[in-house]
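Some notes on the structure that comes next.
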Amino acid sequence: MTIKRPKRSIADRLLHALGKKRGIILPDKSHEEYGPHVYAVAEKECFWKALLRPKGESLPQGMTDLMAFLEILDGRNRKPHNQ
């Protein structure tokens, strides 16, 4: 299964600067329904819901923090300097 990675937008950067998290919903079990050659898209949470959520409140169940997810992916895609 291939999951299309969401891109950072100006709205995402604004929320991050305000200390708020924007959730994404990763596709779950679509490979079981459509087979191993599925091309799925991770969906972003509505900007307004993320903006109006209190700063310290956690994301709803089933969501992952967008910025943390992208940082993990960026770290995996970097090559060591000595190679």
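- For Leu52, the CG atom counts as densely surrounded, since its 6.0 Å shell holds more than 12 non-hydrogen atoms of other residues, nucleotides or ligands.
- Taking Arg8 as the reference, Asp74 meet the salt bridge (Lys or Arg N to Asp or Glu O under 4.0 Å) condition, with sequence neighbours excluded.
- For the atom pair NZ of Lys7 and CG of Leu66, the computed distance is 13.5 Å after rounding to the nearest 0.5 Å.
- Identified under the salt bridge (charged side-chain N to carboxylate O under 4.0 Å, His left out) test for residues 10-19, with sequence neighbours left out: Asp12-Arg22, Asp12-Lys44.
- Grouped with Leu14 in one hydrophobic cluster are Leu15, Leu18, Phe47, Trp48, Leu51, the linkage being side-chain heavy-atom contacts under 4.5 Å among Ile, Leu, Val, Met, Phe, Trp and Tyr residues.
- For the atom pair NZ of Lys20 and CG of Asp65, the computed distance is 13.5 Å after rounding to the nearest 0.5 Å.
- Listed by chain and number, the residues in a salt bridge (Lys or Arg N to Asp or Glu O under 4.0 Å) with Lys21 amount to none (sequence neighbours excluded).
- Not counting sequence neighbours, the partners of Lys4 by the side chain to side chain contact (heavy atoms under 4.5 Å, CB included) test are Tyr39, Val41.
- Grouped by direct or indirect side-chain proximity (heavy atoms under 4.5 Å, Ile/Leu/Val/Met/Phe/Trp/Tyr only), Ile25 sits with Leu59, Met63.
- Within the structure, salt bridge (charged side-chain N to carboxylate O under 4.0 Å, His left out) contacts touching residues 50-59 (residues at least two apart or in different chains) are Glu45-Arg53.
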